[in-house]
Amino acid sequence: MSVSAEVLARAPLEQLAGEIDPLSSPRPRSNIRPLSPMPDYVEHRNGVNEVGKLSAEAVVREYEAAVKEIEALGTELQLAAKNCEAMVAGVHDMIAEIKEFAAGYRDQGKRFFLKIEAVSLMTTEVRDTCEALKKKIATDTLSQ
């Protein structure tokens with residue numbers, strides 16, 4: 001919204017009607033000053049009348065205001081991207097920790113697996129030894 005439209009939107013019509021005097025002389029053109037300096041990338045051409053200059057300035061200021069908003073959005077997006085990059089780096093670190101933890105857990109499972117099988121083999125050997133001893137005792141007892 002342009003500055004003049006904002007002023008008109010804020011002011012009551014009765015107040016504006018009271019301020020406008022059709023018989024009064026127009027303001028001298030030399031007293032009209034721009035609200036803010038024009039952007040560096042534009043300059044008035046020779047021969048353009050005051051209305052054309054003011055209109056062109058108003059339009060370029062509106063575009064410049066939009067550009068500032070777009071640039072602000074770009075800055076916000078850069079900050080969001082940095083936050084995402086930090087989050088991704090954190091996720092990669094966490095994945096590395098998870099892989100390390102999983103490998104340790106797998107090794108622990110393997111150790112228990114090997115211990116259980118070793119105990120099972122020892123138990124089988126004890127049973128076999130006991131069975132052999134029973135047979136030997138039984139045979140020795142029968143032979144006596």
Side-chain angles (χ1 to χ4, degrees), residues 1-21 26-144:
M1 179 183 281
S2 69
V3 176
S4 59
E6 286 181 25
V7 170
L8 289 175
R10 289 187 202 149
L13 289 176
E14 303 85 43
Q15 181 183 358
L16 288 174
E19 290 178 5
I20 300 174
D21 181 11
R27 291 189 300 178
R29 292 180 187 220
S30 61
N31 289 346
I32 299 174
R33 279 187 256 138
L35 299 174
S36 60
M38 282 195 331
D40 295 339
Y41 56 87
V42 293
E43 65 179 54
H44 291 295
R45 293 187 208 172
N46 291 332
V48 176
N49 65 23
E50 197 67 26
V51 171
K53 286 181 180 181
L54 291 174
S55 297
E57 286 179 18
V59 168
V60 81
R61 281 194 183 90
E62 289 299 316
Y63 271 86
E64 190 61 28
V67 165
K68 298 244 188 267
E69 290 295 322
I70 292 167
E71 289 172 340
L73 178 61
T75 302
E76 288 180 33
L77 287 174
Q78 283 178 334
L79 178 61
K82 284 181 184 177
N83 290 340
C84 286
E85 289 169 357
M87 187 182 300
V88 167
V91 166
H92 287 302
D93 292 343
M94 184 60 82
I95 289 170
E97 287 179 28
I98 287 171
K99 285 181 179 180
E100 184 178 327
F101 179 76
Y105 210 68
R106 186 172 282 123
D107 287 343
Q108 187 176 7
K110 184 178 177 181
R111 278 195 306 270
F112 282 125
F113 175 85
L114 293 173
K115 280 184 181 183
I116 290 170
E117 283 198 344
V119 168
S120 179
L121 287 172
M122 188 185 333
T123 303
T124 302
E125 187 179 330
V126 167
R127 277 191 194 138
D128 290 345
T129 304
C130 287
E131 194 63 39
L133 190 55
K134 271 192 215 179
K135 284 181 185 179
K136 185 173 181 183
I137 292 172
T139 1
D140 283 347
T141 315
L142 289 175
S143 58
Q144 289 183 0

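Worth saying up front: this structure is predicted, and the values here are computed from it rather than measured. All values below were derived from every heavy atom in this structure, side-chain atoms included, with hydrogens, water molecules and symmetry-related copies excluded.
- Contacts classified as side chain to side chain donor-acceptor pair (under 3.5 Å) and involving residues 68-86 (residues at least two apart or in different chains) are given here: Glu64-Lys68.
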Result block: side-chain N/O donor-acceptor pairs under 3.5 angstrom for residues 119-130, not counting sequence neighbours:
from: Thr123; atom 1: OG1; to: Val119; atom 2: O; distance (Å): 2.7
from: Thr124; atom 1: OG1; to: Ser120; atom 2: O; distance (Å): 2.9
from: Thr129; atom 1: OG1; to: Glu125; atom 2: O; distance (Å): 2.7

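- The OG1 atom of Thr139 sits 9.0 Å away from atom NZ of Lys135, with the distance rounded to the nearest 0.5 Å.
- With sequence neighbours excluded, no residue forms a ring pair (Phe, Tyr, Trp, His ring centres under 6.0 Å) with Tyr41.
- Atom CG of Asn49 and atom NE2 of His44 lie 11.0 Å apart (nearest 0.5 Å).
- Note: Arg61 CZ to Glu57 CD = 4.5 Å, rounded to the nearest 0.5 Å.
- Residues satisfying the ring pair (Phe, Tyr, Trp, His ring centres under 6.0 Å) criterion with Phe112, sequence neighbours excluded, are absent altogether.
- For Ile95, the side chain to side chain contact (heavy atoms under 4.5 Å, CB included) partners are Val91, Lys99, not counting sequence neighbours.
- Minimum heavy-atom separation, Met38 to Glu43: CE-CA, 4.1 Å.
- Under the side chain to side chain contact (heavy atoms under 4.5 Å, CB included) criterion, Phe113 pairs with Glu117, not counting sequence neighbours.
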